[in-house]
Amino acid sequence: MPELPEVETVRRTLAPAVGGRIASVWTSGMGLHMARRPPRAKLQKLVGARITTVRRHGKYLLLDTDHAASILVHLGMTGRLRIHGAADPRAPHTHVVLGLDRGELRFVDARRFGQVDVVAHGKERAHPALAVLGPDALDEALDGAAVLAAARDKRTTLKAFVLDQSVIAGVGNIYASEALWRAKLLPTTRTHTLTAPAARRLAGAIREVLERALTNGGTTFSDFVAADGKAGENAEYLWVYDRAGQPCKRCRTPIERTVLQGRATYYCPTCQIP
DNA sequence: CCGGAGACCTGATAGC
DNA sequence: TGCTATCAGGTCTCCG
């Protein structure tokens with residue numbers, strides 16, 4: 001479910017939890033991502049710690065504490081990180097609960113593709129999940145020149161390229177299709193054929209698409225909600241994703257759906273070109 | 001190096 | 001109504 005705009009929306013709506021002290025920790029004991037369980041003992045050590053900041057890189061959140069460690073969270077497909085009243089009934093599939101001085105921070109994940117871990121300060125780059133990430137998609141440094149440089153040696157398709165978290169961290173399946181439509185580039189275009197002007201368009205389009213979605217509070221089809229429980233509004237603004245057969249918003253040609261690397265891919269066969 | 005397929009999980013929805 | 005098949009915003013691994 002969640003790509004950069006959704007994760008960033010969660011980060012921002014976690015603001016009320018910042019400054020809170022962790023009073024208790026509960027975990028379900030079930031495995032999440034790759035059958036890895038949230039590390040109960042390491043989380044337990046954070047009892048008494050205060051949450052100082054919440055950072056994001058790509059689709060990962062880092063809840064920093066004043067105990068020299070951060071809580072790493074990835075929402076997977078159906079993960080939710082929400083602030084609740086301690087008396088609120090617990091939703092099914094609740095896997096981690098951090099009791100704060102006021103309220104609770106709960107991680108709920110039906111499909112269990114999400115991840116919760118603890119990382120010592122200064123060891124972030126050594127964490128396997130974070131070590132492989134490229135620059136964040138909203139990083140200022142990610143301009144046309146950077147995209148062109150990253151694209152040059154690759155033989156893959158543009159769709160796979162923008163989805164590759166080691167190249168650009170944060171773009172997922174919805175915004176990959178959206179950005180390529182915005183840049184007027186076909187998803188199947190080979191990466192190494194990208195021209196400088198096309199790379200500039202792609203870099204700009206990625207930023208534009210993500211910032212627009214962020215302004216709209218993220219895209220909600222069924223699962224995504226912010227930390228305050230609110231759904232996103234961006235689904236009604238999507239240009240191509242989930243719009244097969246509907247007219248292109250630029251040229252009225254029906255949008256096509258295909259499958260690339262096993263994932264649904266939407267594009268306009270007329271105004272997107274190699 | 002690259003793509004494809006399958007794995008990990010559950011729930012929603014469409015079709016019969 | 002109830003069954004089955006298909007699909008889903010993410011990653012990871014194996015295979016050719």
Side-chain angles (χ1 to χ4, degrees), chain A residues 1-10 28-38 56-61 72-81 91-95 107-117 127-134 137 150-179 187-193 209-210 212-214 216-226 231-245 257-266:
Chain A
M1 142 210 354
E3 308 180 30
L4 187 150
E6 291 74 37
V7 179
E8 176 63 16
T9 298
V10 171
S28 69
M30 293 184 83
L32 301 178
H33 171 80
M34 296 284 103
R36 281 199 288 272
R37 267 177 264 261
R56 181 193 56 75
H57 188 91
K59 301 173 194 172
Y60 289 86
L61 287 172
L72 175 75
V73 179
H74 192 292
L75 301 176
M77 289 278 258
T78 51
R80 294 176 169 189
L81 196 54
H93 310 294
T94 298
H95 290 108
F107 180 78
V108 178
D109 185 5
R111 290 178 72 182
R112 291 194 269 135
F113 292 168
Q115 187 175 6
V116 176
D117 204 351
H127 192 280
L130 301 175
V132 296
L133 296 183
R152 204 149 26 208
D153 323 313
K154 302 236 172 211
R155 314 257 110 187
T156 180
T157 60
L158 284 185
K159 172 83 189 297
F161 176 73
V162 297
L163 274 179
D164 185 344
Q165 302 299 298
S166 71
V167 176
I168 304 167
V171 178
N173 204 41
I174 294 178
Y175 302 115
S177 283
E178 294 292 299
T188 46
T189 302
R190 302 322 284 203
T191 307
H192 67 281
T193 66
V209 159
L210 297 179
R212 182 168 183 259
L214 192 46
N216 293 321
T219 299
T220 297
F221 290 131
S222 55
D223 298 298
F224 169 69
V225 291
E233 304 294 329
N234 196 244
E236 45 187 299
Y237 299 95
L238 294 174
W239 287 306
V240 287
Y241 190 88
D242 206 27
R243 294 193 64 245
R257 177 192 191 275
T258 184
V259 174
L260 289 180
Q261 287 110 234
R263 330 255 346 241
T265 306
Y266 299 85

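Convention: sequence-line order gives letters A, B, ...; per-chain numbering from 1. If you're wondering where the values come from, they're calculated on a predicted model, not measured in any experiment.
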With no hydrogens and no angle check, is any side-chain donor or acceptor of A:E178 less than 3.5 Å from a backbone partner on A:V240?
yes
Partner nucleotide, any strand, of B:dC9 [Watson-Crick/G-U, under 3.5 Å]
none
Taking the C1' atom in each of C:dC3 and B:dC8, what is the distance between them to the nearest angstrom?
25 Å
Is it true that A:D117 and A:R36 have a side-chain N and a carboxylate O under 4.0 angstrom from each other?
no
Spacing between A:H33 atom NE2 and B:dC9 atom C1', to the nearest angstrom:
13 Å
Shortest side-chain distance from A:P2, nucleotide among B:dG3, C:dG10, C:dA8:
C:dG10
A:L75 CG to C:dT11 P, straight-line distance once rounded to whole Å:
10 Å
For B:dG3, take OP1 and OP2 only and decide whether either is under 4.0 Å from a side-chain N or O of A:T156.
yes
Using the P atom in both, what is the distance from C:dT4 to B:dC9, to the nearest Å?
22 Å
Residue whose nearest DNA chain B nucleotide is more 5′ - A:H93 or A:M34
A:M34
What is the distance from CZ of A:R111 to P of B:dC9, rounded to the nearest Å?
11 Å
Shortest side-chain distance from A:Q261, nucleotide among C:dT11, C:dA8, B:dG3
B:dG3
Verify, without hydrogens or angle tests, whether A:T157 (side chain) and A:T188 (backbone) share a donor-acceptor contact under 3.5 angstrom.
no
Would you indicate, yes or no, if B:dG3 has its OP1 or OP2 atom less than 4.0 angstrom from a side-chain nitrogen or oxygen of A:R190?
yes
Interatomic distance where CZ belongs to A:R155 and C1' belongs to B:dC1 [whole Å]
10 Å
Checking all strands, does A:T157 fall into the base, sugar-phosphate, or nothing category for heavy-atom contacts under 4.0 angstrom?
sugar-phosphate
Using atom P in both nucleotides, what's the gap between C:dA5 and B:dG6 to the nearest angstrom?
16 Å
Which atoms form the tightest heavy-atom contact between A:Q165 and A:G170, and what is the distance?
OE1-N, 2.9 Å
Quick one: is B:dG3 close enough that its OP1 or OP2 comes under 4.0 Å of any side-chain N or O from A:K159?
no
Pick base, sugar-phosphate or nothing for A:G262, based on heavy-atom distances below 4.0 Å to the nucleic acid.
nothing
Spacing between A:D109 atom CG and C:dA8 atom P, to the nearest angstrom
18 Å
Ignoring backbone atoms, establish whether A:K154 has a side-chain N or O less than 4.0 Å from OP1 or OP2 of B:dC1.
no
Length of the line joining A:F161:CZ and B:dG3:P, which is rounded to integer Å
12 Å
Whole angstrom value for the distance that separates P of C:dC12 from CZ of A:R36
8 Å
Over 60° means perpendicular and under 30° means parallel, so classify the ring planes of A:Y60 and A:H74, tilted if in between.
perpendicular
If you look at every strand shown and take non-hydrogen atoms under 4.0 Å, does A:A264 touch a base, only sugar-phosphate, or nothing?
sugar-phosphate
Is there a donor-acceptor contact under 3.5 Å from the side chain of A:T191 to the main chain of A:T156?
yes
State whether A:R112 places a side-chain N or O below 4.0 Å from either non-bridging phosphate oxygen (OP1 or OP2) of B:dG11.
no
So for atom CZ, which belongs to A:R212, do other residues, nucleotides or ligands contribute more than 12 heavy atoms lying within a distance under 6.0 Å?
yes
Pick base, sugar-phosphate or nothing for A:Y175, based on heavy-atom distances below 4.0 Å to the nucleic acid.
nothing
Under 4.0 Å, heavy atoms only, any strand: does A:R257 hit a base, just the sugar-phosphate, or nothing?
sugar-phosphate
In whole angstrom, what separates A:H192's NE2 from B:dC1's P?
15 Å
Between A:R263 and C:dG10, is there a contact of a side-chain N or O with OP1 or OP2 at under 4.0 Å?
yes
Applying a 4.0 Å non-hydrogen cut-off, can you work out what A:Q165 is touching in the nucleic acid: base, sugar-phosphate, or nothing?
sugar-phosphate
At less than 4.0 Å, is any side-chain N or O atom of A:H74 found next to OP1 or OP2 of C:dT11? Yes or no.
yes
If we require ring centres under 5.5 Å and near-parallel planes under 30°, does A:F113 stack on B:dC8?
yes
